[in-house]
Amino acid sequence: MTTSNRILLGVNIDHVATLRQARGTRYPDPVKAALDAEEAGADGITVHLREDRRHIQERDVLVLKDVLQTRMNFEMGITEEMMAFAERIRPAHICLVPETRQELTTEGGLDVAGQEARIKAAVERLSQIGSEVSLFIDADERQIEASHRVGAPAIELHTGRYADATTPSEVADELQRIIDGVACGLREGLIVNAGHGLHYHNVEAVAAIKGINELNIGHALVAHALFVGFKGAVAEMKALILAAAKH
Ligand SMILES: CC(=O)[C@@H](O)[C@H](O)COP(=O)(O)O
Ligand SMILES: NCC(=O)COP(=O)(O)O
């Protein structure tokens, strides 16, 4: 069981692309954001190529594949189109996520327990290209145990409910759910990552949970970058999570 204090920061650059797509311009380039993030201490770069292409485009993923110094975490829905694209790109990490076209953002985790055969087949196929496959799931014991059964080496716990909680007791309940989820994932022998909706004011409690391998953070970094620049935003977040993880 890993209970190290070392915690990695995966920087999600999707919403740099959201700004570009809003006007159909060539700027801001998420590739530049990725390189700046790496210089500022990012341990990896996360991109979600959505079926509706609302932010990241194939071109971004192809260029990143050639220029990243760290590693790519490629988030994708389980469709034949995405499976074939992943096989072409061969990212170091692949995170399988649930996706619906109408959603504002990723709502809830993948229902692994409800579709084990389909997800097992996807994990097997993507593992064959050498990618470490993780499953983006709710911090729910049923889903975590199913993730182990389908052969995924890693999970990413969806922290959206924690981030959306408003009252102190809701926040405490959702945090406890994540703490329990991390413990359950480690018991199952999984690498446990977490992310979604984390920002400068809610990240420390999650970063302090022993045993989390990596936090994936995007929207809050892009928002803060408007005021301090992308490198500054990433460096601040990295310092916050490292300090929280030390306690
Ligand atoms: C799976 C996940 O949490 C991220 O990829 C996130 O979904 C990116 O932002 P959007 O959901 O807004 O596309
Ligand atoms: N998988 C979560 C992620 O990559 C970042 O989510 P967010 O910080 O943009 O909400």
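We count residues from 1, following the sequence as given. Each ligand, and each atom within it, is numbered from 1 in the order the structure gives.
A donor-acceptor contact closer than 3.5 angstrom links the side chains of N193 and N213. For the residue pair Q176/D180, the side-chain donor-acceptor check at 3.5 Å is satisfied. A side-chain N or O of N73 and one of T46 form a donor-acceptor pair less than 3.5 Å apart.
Under the 4.5 Å side-chain heavy-atom criterion for Ile, Leu, Val, Met, Phe, Trp and Tyr, I178 and V97 are members of distinct hydrophobic clusters. Under the 4.5 Å side-chain contact rule for hydrophobic residues, Y200 and V228 do not share a cluster.
Of the polar atoms of G195, none of the N or O atoms is found under 3.5 Å from an N or O of ligand 2, judged by distance alone. Ligand 2 has no nitrogen or oxygen under 3.5 angstrom from a nitrogen or oxygen of T46. Close N/O approach between I217 and ligand 2 is not found [any backbone or side-chain N/O within under 3.5 Å].
The main-chain N or O of H55 is found under 3.5 Å from a side-chain atom of Q57 such that the two form a donor-acceptor pair. Under a 3.5 Å cut-off, the side chain of E103 and the backbone N or O of E107 do form a donor-acceptor pair.
Using a 4.0 Å cut-off to heavy atoms of N12, the atoms of ligand 2 that qualify are 3 (C), 4 (O), 5 (C). Numbered from 1 in the order shown, with element, the atoms of ligand 2 that lie under 4.0 Å from a heavy atom of G197 read 7 (P), 8 (O), 10 (O).
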In residues 129-137, what donor-acceptor pairs under 3.5 Å come from side-chain atoms, sequence neighbours left out?
residue : atom : partner : partner atom : Å
S131    : OG   : P91     : O            : 2.5
E132    : OE2  : H93     : ND1          : 3.1

Could you check ligand 1 for N or O atoms lying under 3.5 Å from protein N or O atoms and list the pairs with distances?
residue  : atom   : partner : partner atom : Å
ligand 1 : 3 (O)  : H196    : ND1          : 2.6
ligand 1 : 5 (O)  : H48     : ND1          : 3.0
ligand 1 : 5 (O)  : E75     : OE1          : 2.2
ligand 1 : 7 (O)  : T106    : OG1          : 2.5
ligand 1 : 9 (O)  : H15     : NE2          : 3.1
ligand 1 : 11 (O) : R50     : NH2          : 2.9
ligand 1 : 11 (O) : T105    : OG1          : 2.6
ligand 1 : 11 (O) : T106    : N            : 3.2
ligand 1 : 11 (O) : T106    : OG1          : 3.4
ligand 1 : 12 (O) : H15     : NE2          : 3.1
ligand 1 : 12 (O) : T105    : OG1          : 3.4
ligand 1 : 13 (O) : R50     : NE           : 2.7
ligand 1 : 13 (O) : R50     : NH2          : 3.3
ligand 1 : 13 (O) : H55     : NE2          : 2.7

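Each salt bridge (Lys or Arg N to Asp or Glu O under 4.0 Å) pair with one or both residues in residues 150-165, not counting sequence neighbours, appears once here: R161-E174. Judged as a ring pair (Phe, Tyr, Trp, His ring centres under 6.0 Å), not a single pair has a partner in residues 27-46 (not counting sequence neighbours).
When all heavy atoms are compared, the tightest approach of H196 to T159 is O-OG1, 2.7 Å.
Ligand 2 lies out of reach of A220, whose nearest heavy atom is not under 4.0 Å from it.
Of the listed options E156, H48, H199, E156 places a heavy atom closest to atom 1 (N) of ligand 2. Among E75, H196, H219, the residue whose heavy atom sits closest to atom 6 (O) of ligand 2 is H196.
Of the heavy atoms in N216, both backbone and side-chain atoms come closer than 4.0 Å to ligand 2.
The shortest contact between atom 8 (O) of ligand 2 and any protein heavy atom is with G218 N, 2.8 Å.
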